[in-house]
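Please read the structure below before turning to the comments.
Atoms within a ligand are numbered from 1 in the order they appear, just like the ligands themselves. These values consider heavy atoms only, across backbone and side chains, with no hydrogens, waters or symmetry-generated copies. Note that the coordinates shown come from a computational prediction; the quantities given were computed from them, not determined experimentally.
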Amino acid sequence: MIEEMNEAKVNMRAMRIHRLGTINSANPPLEQDFIPVPQAGESDLLIRVHACGVCHTEIDEIEGRTPPSSLPMTPGHQVIGKVVGQGPACTMGMVNKRVGIAWIHSACGECQWCLGGRENLCPDFIACGRDAPGGYAEYMTVPEAFAHIIPDELGDLEATPLLCAGAVGYRALSLCRLENGQNLGLTGFGASGHLVLQMAQHLYPNSRFFVFARSETERAFAAEMGATWTGSTTERPETGLDAIIDTTPAWLPVLAAMEALAPGGRLVINAIRKESADQDILVTLNYDKHLWREKSLRTVANVTRSDVRECLRLATDIPLRPHITAYPLENANQALLEMKQGQIRGAKVLQII
Ligand SMILES: [Zn+2]
Ligand SMILES: [Zn+2]
């Protein structure tokens with residue numbers, strides 16, 4: 001079943017999480033292991049990984065806010081690679097195709113959420129790189145139905161951030177229910193923010209875009225990308241905003257965003273977990289200032305396959321070109337540490353071949 005695989009290639013390199021703990025320069029979170037190439041199950045594809053994006057969620061996994069379901073675990077959920085093998089029950093003719101694998105490694109297909117088009121909320125949701133081994137490795141497997149064909153226009157490296165930052169950003173943008181001409185805010189401007197801004201500029205050409213970011217570098221980057229207004233997290237533009245997407249790990253930006261919303265405005269929090277460092281600020285929540293006049297708040301959880309596929313389609317239409325910084329697989333610890341320290345400009349990607 002395995003094509004193009006050298007007989008000698010029975011082992012592979014993987015950068016894996018062995019224990020949970022706080023990431024800092026004295027405590028590299030991943031270890032390089034030499035482990036057997038995985039076998040494709042009945043309905044699985046075997047993927048030769050070309051590249052894998054680095055996401056803030058890996059930090060949440062390692063630091064225990066959304067821990068792996070078993071250890072050691074190979075993280076990574078923005079994977080581009082080539083299908084080099086398949087299980088006997090596969091029927092989609094995917095061998096030799098270039099595919100992407102996103103955070104959704106599988107869902108049950110039978111529950112009310114799966115049947116209702118919201119497989120992102122499935123109670124049996126399996127997250128790639130948290131509940132099943134992901135792409136910080138030379139090979140991985142995925143159920144055939146959860147691999148996404150990557151359009152030829154997109155290179156390996158630039159396609160990786162579309163699978164998480166892009167797809168979840170697309171979902172967050174859809175939940176904003178923005179109309180062309182309405183004001184959109186983004187608080188935080190990392191990998192997802194810079195993709196959402198480009199998607200929003202394409203979908204809502206008459207809208208204005210406001211970027212709130214803590215760091216001067218992020219604000220300069222947002223201005224370069226065509227944001228109408230940039231400011232610090234707590235600065236207030238003169239006009240109210242119809243929707244805001246929050247991609248920060250903190251609570252201050254949530255309160256600041258609720259305050260900046262126009263009547264009827266929607267805040268969508270796009271973060272798998274919030275950190276607890278500034279949680280105390282929530283006691284200053286003020287009904288009149290933050291909630292009154294039908295402001296609403298919702299979160300975005302996971303992604304569906306259609307979010308991923310619509311984001312890929314939009315990316316080729318625009319065309320969307322993510323800014324990326326590449327690292328070799330063995331430098332994954334450095335990439336994670338830099339991300340944790342807030343050295344974010346565009347997206348970080350591990351280049352595996
Ligand atoms: Zn991610
Ligand atoms: Zn389900």
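Among the backbone and side-chain atoms of H56, no N/O/S atom is found under 2.8 Å from the Zn ion (ligand 1).
Separation of the H105 and F125 ring centroids does not fall under the 6.0 Å cut-off.
Vertex the Zn ion (ligand 1); arms to C55 SG and H77 NE2; angle rounded to 10 degrees, 110°. Geometry at the Zn ion (ligand 2): SG/C108 and SG/C114 form an angle of 120°, nearest 10 degrees.
Ion pair E216/R219 flagged as a salt bridge, since at least one NZ, NE, NH1 or NH2 atom sits closer than 4.0 Å to an Asp/Glu carboxylate oxygen. R16 and E31 are not joined by a salt bridge, as no carboxylate oxygen comes within less than 4.0 angstrom of a charged side-chain nitrogen.
Cation-pi geometry between R305 and F146 is satisfied (NZ or CZ under 6.0 Å from the ring centre, within 45° of the ring normal).
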